[in-house]
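Notes follow once the structure below has been shown.
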Amino acid sequence: MLLSEIVETSRAVTATSSRTAKVEHLAATLRRAAAEDPKRIDVVASYLSGTLPQRRTGVSWRSLGELPPPAEEATLTVADVDASAEELAGTSGSGSGATRRRIVAELFSRATAVEQAWLRAAFVGEARQGAADGVMLQAIAKAGDVPDSAVRRAVMLAGRTGPVAEAALTGGADALGTIELEVGRPLRPMLAASAPDVPAALATMPGEVALETKLDGIRLQAHVDEGAVSLFTRTLEDVTDRLPEVVDVLRRLPVRQAVLDGEVIALDETGRPLPFQVTGARTASSADPERLRAEVPLTPYFFDLLHLDGEDLVDHPLSERWERLAEVTSEGHVAPRLTTADVEQAQRFFDDVVARGHEGVVVKDPQLPYAAGRRGPGWIKVKPRHTLDLVVLAVEWGSGRRKGWLSNIHLGARDAETGGLVMLGKTFKGMTDEMLRWQTERFRELAVGDPEAGWVVELEPEQVVEIAFDGVQRSTRYPGGMALRFARVIRYRDDKPVSEIDTVQTVRALAGW
DNA sequence: TTCCGACAGTGGGGTCGCAAT
DNA sequence: ATTGCGACCCCACTATCGGAA
């Protein structure tokens, strides 16, 4: 199949805002791929959702700065592109920058202008065609003439869409039905929606709920198969070799085969959680694992059991999965949990968890199955929220659907000692289109110099904004040595002068430094 | 006809390891 | 030895479409 067919489909998908029309376009091209190039349906499916099947290629927008002149005619095939991407993935991180540049140059010189644009978006991961995983899933169902639910289930159990597309189009519902949970192969983790507080979370569920401690660490999916252990992150990256102490814990479990879901976290000597940055640095490092293990040991906590000794449990209710988990896991590797229908009791549990230094709680409906890969209503996370009144120091022009609007604001606090203003980070979150319109006008007025002159627009520090955030983290990027985690706008305030905004001393005290 | 669940998009800070400087 | 870059970790929030009520 020619790449130009993918590019043309992408153009059509981008051009319409109707999801059903997007699905039609994608399904038609998938069907053509099945007829012409059945061995590469998985690659075509990946391309149609604007991504490369290769996890990493070492190529990003910086390395695509200057491209060779485009080809006149569309001759590139999907197979050609896949071969190049495969070669790039194989040489990524192996000290062959010149080789990679040559592969990129050759590939792009064979592409037409529109194909170059598509390739760039695919490598950079910025397809922006209004169709990613979810819409693609519907297209696969349509093209294979199988139910959405069958595709969704297969994708969740297989972890990836490519092989599922291939099965759906070549073997239909029968082939999809053979895709099951496989011990050793990661599946998509179930995700949680969020609620502002405990009563709101409980209000979404009938009767008794389960409250679990939400640990501020790294999500971990663990597979045990006759003594062989594999560990995967939320995006299904294999991190087995990095976490030997976690492997040891799993080897000791009294199971032949199991798939567990949980979190790993670094604790201090008293069992209190260390900052997320400590756990994050440990799991990101592939240096000598035995040394790291001695320096920053990690503790796994499990909260779900998806398979046990030949039996899949994903469709069983949480209450039963939890019971089976408790039978095979020692007390030290299950975080505190409470089942209740009483709001006050739930609130006390939340307060206690937070007081002990944890991130919050996840409220779960005990009757529901494991909905892999979805941010379903079955799990609701609740975290404490802090707010500050800060000043807008500068603002950046937006991109994509925010093009032409002043979007991302730079946040400053007052330094009570020097009287100056100290930047604590940026945010673009929480803004409605109405707010974007308003702030684009407002910040044009406050601009120091020509607001159209550059990407970042410096402002007279006059506009006060109320900001919500999850916590304070150490920063080397900002002069105050700290930054706000997950900052988002609540509202602009005109009732408060800059002389009365919050101070860096307040923020430092909040962080406990 | 209205409501609401699912989805895509728009980016935030921190960290590591490797290549280039 | 230092810096730049790519990829990963954590993630909040709004707008929109289209099926459910």
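Labels below follow one simple rule: chain letters A, B, ... track the order of the sequence lines, proteins then strands, and each chain is numbered from 1.
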Check: Without hydrogens or angle criteria, can the side chains of A/Glu396 and A/His410 be said to hold a donor-acceptor pair below 3.5 Å?
Finding: yes

Check: Under 4.0 angstrom, heavy atoms only, what part of the nucleic acid is A/Val135 near: base, sugar-phosphate, or nothing?
Finding: sugar-phosphate

Next item on the list: For A/Ser194, answer base if it contacts any base atom (sugar-phosphate contacts may also be present), sugar-phosphate if it contacts only those atoms, and nothing otherwise; contact means non-hydrogen atoms under 4.0 Å.
Entry: nothing

Next item on the list: Mind checking A/Lys22 for me? I need base, sugar-phosphate or nothing, with any heavy atom below 4.0 Å counting as a touch.
Entry: nothing

Check: How about A/Trp118 and A/Ile6: do any of their side-chain heavy atoms sit closer than 4.5 Å?
Finding: yes

Next item on the list: Grab the CG-C1' distance between A/Leu274 and C/dC10 for me, whole Å please.
Entry: 16 Å

Notebook entry, point to check: Which part of the nucleic acid, if any, lies within reach of A/Asp216 when heavy atoms closer than 4.0 Å are counted: base, sugar-phosphate only, or nothing?
Noted result: nothing

Item checked: Base partner of B/dC7, which must satisfy Watson-Crick or wobble distances under 3.5 Å -> none

Next item on the list: Could you state the atom-to-atom distance from CD of A/Gln439 to C1' of C/dT14 in whole Å?
Entry: 13 Å

Protein-nucleotides 16-20 of chain C N/O pairs closer than 3.5 Å?
from	atom 1	to	atom 2	distance (Å)
C/dT16	O2	A/Arg19	NH2	3.3
C/dC17	OP1	A/Ser17	OG	3.1
C/dC17	O3'	A/Arg19	N	3.2
C/dC17	O2	A/Arg19	NH1	3.3
C/dG18	OP1	A/Ser18	OG	3.0
C/dG18	OP1	A/Arg19	N	2.6
C/dG18	OP1	A/Thr20	N	2.7
C/dG18	OP1	A/Thr20	OG1	3.0

Next item on the list: Scan A/Ala483 against the nucleic acid and name what it touches under 4.0 Å (heavy atoms): base, sugar-phosphate only, or nothing.
Entry: sugar-phosphate

Notebook entry, point to check: Base, sugar-phosphate alone, or nothing: which one does A/Thr283 contact when heavy atoms must sit under 4.0 Å apart?
Noted result: nothing

Notebook entry, point to check: With distance as the sole test, does A/Thr233 use its side chain to make a donor-acceptor pair with the main-chain N or O of A/Glu237 at under 3.5 Å?
Noted result: yes

Item checked: Residues touching DNA chain C, which here means a heavy atom under 4.0 Å, drawn from residues 423-431 of chain A -> A/Lys429, A/Gly430, A/Met431

Checklist line | A/Lys214, NZ: over 12 other non-hydrogen atoms inside 6.0 angstrom | finding: yes

Next item on the list: Would you mind classifying the nucleic acid contact of A/Gly400 as base, sugar-phosphate or nothing, using non-hydrogen atoms under 4.0 angstrom?
Entry: sugar-phosphate

Next item on the list: Scan A/Ile179, A/Asp148, A/Val164, A/Val314 and name whichever one has a side-chain contact (heavy atoms from CB on, under 4.5 Å) with A/Arg153.
Entry: A/Val314

Next item on the list: Please state how far atom CG in A/Leu298 lies from atom P in C/dC9, giving the value in whole angstrom units.
Entry: 15 Å

Checklist line | Candidate nucleotides B/dA8, C/dC9, B/dT10, ranked by approach to the side chain of A/Thr233 - the nearest | finding: C/dC9

Next item on the list: Have a look at A/Ala468 and say if it touches a base, only the backbone sugar-phosphate, or nothing, with a 4.0 Å heavy-atom cut-off.
Entry: nothing

Check: Do any side-chain nitrogens or oxygens of A/Arg128 fall under 4.0 Å of OP1 or OP2 in B/dT10?
Finding: yes

Checklist line | Proximity to the side chain of A/Gln277 - top-ranked nucleotide from B/dG13, B/dA8, B/dT15 | finding: B/dT15

Next item on the list: Ignoring the backbone of A/Lys381, work out which of C/dC11, B/dA8, B/dC16 is nearest its side chain.
Entry: C/dC11

Next item on the list: Look at the rings of A/His386 and A/Phe469 and say which category their plane angle falls in: under 30° parallel, 30 to 60° tilted, over 60° perpendicular.
Entry: tilted

Check: Whole-Å distance between B/dG9 P and A/Asp133 CG?
Finding: 11 Å

Next item on the list: Return no unless some side-chain N or O of A/Arg56 is found under 4.0 Å from OP1 or OP2 of C/dG6.
Entry: no

Next item on the list: Take atom CD of A/Glu434 and atom P of C/dT14, then tell me their distance rounded to the nearest Å.
Entry: 14 Å

Margin query: Let me spell it out: for each of A/Asn408 and A/Ala284, pick the nucleotide of DNA chain B with the closest heavy atom. Which residue's pick is nearer the 5' end?
Written below: A/Asn408

Notebook entry, point to check: Does the side chain of A/Thr235 get closer than 4.0 angstrom to OP1 or OP2 of C/dC9 through an N or O atom?
Noted result: yes

Margin query: Let me spell it out: for each of A/Gly217 and A/Val59, pick the nucleotide of DNA chain C with the closest heavy atom. Which residue's pick is nearer the 5' end?
Written below: A/Val59

Check: Applying the salt bridge (Lys or Arg N to Asp or Glu O under 4.0 Å) test to A/Asp470, which of A/Arg485, A/Arg488, A/Lys381 qualifies?
Finding: A/Arg488

Margin query: Please confirm whether the shortest side-chain N or O distance from A/Arg152 to OP1 or OP2 of B/dC7 is below 4.0 Å.
Written below: yes

Next item on the list: Nearest whole angstrom, please: distance from the C1' of B/dG11 to the NZ of A/Lys403.
Entry: 16 Å

Next item on the list: Could you check if a side-chain atom of A/Asp494 sits within less than 4.5 angstrom of a side-chain atom of A/Val464, using non-hydrogen atoms only?
Entry: no

Note to self: Can you tell me how the ring of A/His223 sits relative to the ring of A/Phe232, calling it parallel under 30°, perpendicular over 60° and tilted otherwise?
What the structure shows: perpendicular

Notebook entry, point to check: Would you find more than 12 non-hydrogen atoms of other residues, nucleotides or ligands less than 6.0 Å from A/Asp248 atom CG?
Noted result: yes

Checklist line | Within-4.5 Å side-chain heavy-atom neighbours: A/Met435 and A/Tyr492 | finding: yes

Check: Mapping A/Gln473 and A/Ala287 to their closest nucleotides on DNA chain B, which lands nearer the 5' end?
Finding: A/Gln473

Next item on the list: In whole angstrom, give the distance that lies between atom CD of A/Glu466 and atom P of C/dA12.
Entry: 18 Å

Item checked: Spacing of A/Arg385 atom CZ relative to C/dC13 atom P, expressed in whole Å -> 8 Å

